[in-house]
Amino acid sequence: MLIQVLDDSDELDAQLLIKAEVQKWQQRGVHILYRHRLIRTGYKAGNPKSAMSCDYVKDYEFVAIFDADFQPGPDFLKRTIPHFKGKDDLALVQARWAFVNKDENLLTRLQNINLSFHFEVEQQVNGVFINFFGFNGTAGVWRIKALEDCGGWLERTTVEDMDIVVRAHLCGWKFIYLNDVKCLCELPESYEAYKKQQHRWHSGPMQLFRLCFVDILRAKVSFGKKANMIFLFFLLRKLILPFYSFTLFCIILPLTMFLPEAQLPAWVVCYVPGIMSILNILPGPRSFPFIVPYLLFENTMSVTKFNAMISGLFRLGSSYEWVVTKKLGRSSEADLVAFAEKE
């Protein structure tokens with residue numbers, strides 16, 4: 001086993017701390033390397049692309065990827081790698097995220113609602129029925145042959161994880177999602193950090209959709225897989241729902257205040273948003289007391305998401321802006337111990 005610490009930071013203090021930590025583990029006999037790029041091109045994709053191009057990578061069959069704030073359990077590889085046995089067409093095993101600071105403030109509680117639905121419903125259902133879902137960029141194990149087969153990490157968008165999983169699926173590779181394997185990480189606790197993260201998460205898919213739409217149509221996969229990828233994976237989640245929220249709550253409803261004769265049916269104003277909010281909260285029953293703040297917050301965030309979607313679709317300037325999501329270091333050892341005891 002080889003561990004690569006891929007450091008794209010530009011702060012000397014951070015680099016010295018990481019180097020010291022790596023040297024400590026090297027002295028204990030662990031096969032671990034420190035890599036720092038002087039030319040930091042290609043967003044996040046450029047980092048693993050540089051690391052995977054090393055000659056020694058050819059000696060390995062799988063690669064597990066973790067962002068800096070992720071803390072995999074000691075048995076992570078024992079619970080993920082065996083799923084590759086006897087499945088030569090399996091490219092990815094994705095684990096679930098768990099959050100050490102989900103109860104830190106109202107913002108983290110609302111984020112937990114969205115992400116719980118994403119992992120509990122979207123990832124799990126797609127993994128079970130069609131063996132295809134979005135790679136979350138971290139807490140996953142890839143077969144290196146699959147990465148090479150679909151062209152490796154590309155620097156053309158700010159969502160390198162979604163890009164590579166789309167290309168791998170079009171090449172015929174399959175994926176498995178493990179809802180019972182959890183990897184601890186941290187949620188952004190400030191609104192500014194969360195807003196920038198959401199901008200990237202919603203502009204990037206539209207960049208990718210524009211780039212790979214023709215490739216999806218030409219791919220030698222079934223019509224059902226093409227339809228699922230275009231209408232459910234891209235359009236519904238990343239375009240239709242943000243557009244619906246934005247137009248209804250930011251345009252139509254405000255206009256009715258100035259035009260009393262314009263009446264909207266109750267199902268448009270109440271039932272549809274209410275049912276959607278309840279369905280989102282179902283995977284985390286503890287979040288039911290926050291259903292009203294969640295509904296208001298999501299409608300407010302629809303402005304940011306819609307703006308990001310438009311900028312990504314039409315290649316506006318901000319769509320290719322890469323801003324690192326600031327974290328506060330909650331996934332330190334003391335926080336992990338406290339979180340484990342609480343669970």
Side-chain angles (χ1 to χ4, degrees), residues 5-11 13-15 17-18 36-37 40-49 65-72 94-119 123 134-140 153 155 157-165 182-208 237-238 242 297-298 300-309 311-312 317-332 335-336 339:
V5 180
L6 310 182
D7 176 22
D8 250 10
S9 68
D10 55 1
E11 295 182 7
D13 292 341
Q15 295 170 26
L17 285 170
I18 299 169
H36 180 266
R37 295 196 302 162
R40 301 183 302 153
T41 57
Y43 312 112
K44 183 180 174 182
N47 209 354
K49 179 181 179 180
I65 301 172
F66 302 98
D67 281 353
D69 60 307
F70 277 69
Q71 297 283 347
Q94 173 71 58
R96 178 175 177 161
W97 299 0
F99 310 106
V100 296
N101 62 336
K102 62 184 179 182
D103 297 322
E104 188 65 29
N105 56 39
L106 181 59
L107 178 61
T108 58
R109 290 176 186 272
L110 299 178
Q111 290 179 70
N112 184 55
I113 293 173
N114 272 337
L115 290 170
S116 293
F117 179 84
H118 169 68
F119 286 107
Q123 297 292 76
F135 173 45
N136 294 117
T138 174
W153 302 100
E155 305 168 4
T157 73
T158 56
V159 283
E160 77 298 328
D161 44 8
M162 183 179 282
D163 187 356
I164 201 162
V165 85
K182 298 181 180 180
C183 192
L184 295 175
C185 62
E186 182 183 343
L187 292 166
E189 296 182 16
S190 72
Y191 174 70
E192 190 64 28
Y194 176 69
K195 183 180 177 182
K196 291 178 179 178
Q197 180 196 65
Q198 291 302 300
H199 187 278
R200 187 175 77 247
W201 284 7
H202 283 80
S203 66
M206 289 297 98
Q207 300 169 15
L208 181 60
R237 290 173 54 200
K238 301 300 182 183
F297 179 71
E298 279 301 294
T300 304
M301 284 302 299
S302 67
V303 179
T304 297
K305 294 176 180 179
F306 181 78
N307 175 59
M309 179 192 75
S311 67
S318 61
S319 64
Y320 285 92
E321 181 184 13
W322 180 273
V323 180
V324 176
T325 304
K326 291 183 179 180
K327 306 288 180 69
L328 300 181
R330 299 284 184 187
S331 53
S332 64
D335 287 304
L336 292 172
F339 180 82

Qualifying residues under side chain to side chain donor-acceptor pair (under 3.5 Å), relative to R37, sequence neighbours excluded: D8
With a 4.5 Å cut-off on side-chain heavy atoms, are C183 and P72 touching? yes
Closest contact, heavy atoms only, E186 versus L328: OE2-N, 2.6 Å
Mind checking side chain to side chain contact (heavy atoms under 4.5 Å, CB included) for D161 and listing every partner two or more places apart, or none if nothing turns up? F135, V159
Where do E160 and A45 come nearest, in terms of heavy atoms and distance? CB-CB, 3.4 Å
Just jot down the side chain to side chain donor-acceptor pair (under 3.5 Å) partners of K327, sequence neighbours excluded, or say none. D69
At what distance, to the nearest 0.5 angstrom, does CD of E192 lie from NZ of K196? 4.5 Å
Which atom of W97 lies closest to which atom of C185, heavy atoms considered: CB-SG, 3.9 Å
Residues in side chain to side chain contact (heavy atoms under 4.5 Å, CB included) with V303, at least two apart? F246, C250
Validation row: H118, N136 side chains within 4.5 angstrom (heavy atoms): yes
Considering residues at least two apart in sequence or located in another chain, which fulfil the salt bridge (charged side-chain N to carboxylate O under 4.0 Å, His left out) criterion with D10? R40
Can you name the salt bridge (charged side-chain N to carboxylate O under 4.0 Å, His left out) partners of K238, sequence neighbours left out? none
State which residues pass salt bridge (charged side-chain N to carboxylate O under 4.0 Å, His left out) with D67; sequence neighbours excluded, sorted by chain then number. K44
Nearest 0.5 Å please: distance from the NZ atom of K195 over to the CG atom of L107. 13.0 Å
Sorted by chain and residue number, the side chain to side chain contact (heavy atoms under 4.5 Å, CB included) partners of S9 (sequence neighbours excluded) come out as D7, A14, Q15
Let me confirm one number: the CE-CZ distance from M309 to F306, rounded to the nearest 0.5 Å. 4.5 Å
Rounded to the nearest 0.5 Å, what separates atom CD in Q207 from atom OG in S311? 7.5 Å
Which heavy atom in R237 sits nearest to a heavy atom in P242, and how many Å separate them? O-CD, 3.7 Å
Residue list, side chain to side chain contact (heavy atoms under 4.5 Å, CB included) with T108, at least two apart or on another chain: N101, E104, N105, Q111, L187, E189
Shortest non-hydrogen contact between T158 and S203, atoms and distance: OG1-OG, 4.5 Å
Residues forming a side chain to side chain donor-acceptor pair (under 3.5 Å) with N307, sequence neighbours excluded: none
What's the verdict on side chain to side chain contact (heavy atoms under 4.5 Å, CB included) for V100 and Q71, showing C-alpha distance, side-chain angles and the deciding distance? CA-CA 10 Å; V100 296; Q71 297 283 347; over 6 Å; no
With sequence neighbours excluded, residues passing side chain to side chain donor-acceptor pair (under 3.5 Å) with E298: N114, K305
Rounded distance [0.5 Å steps], CZ in R200 versus NE2 in H202: 12.0 Å
Please find the pair of heavy atoms, one from P188 and one from T325, that lie closest to each other, and give the distance. CB-CG2, 3.9 Å
Quick one: pull up CZ in R96 and OG in S116 and give me the separation to the nearest 0.5 Å. 5.5 Å
If you apply the rule side chain to side chain contact (heavy atoms under 4.5 Å, CB included), what do you find for W153 with D163, and how did you get there? CA-CA 8 Å; W153 302 100; D163 187 356; over 6 Å; no
Residues passing the ring-ring contact (aromatic ring centres under 6.0 Å, His included) test with Y191, sequence neighbours excluded, are none
Q94 side chain vs A139 backbone, donor-acceptor pair below 3.5 Å: yes
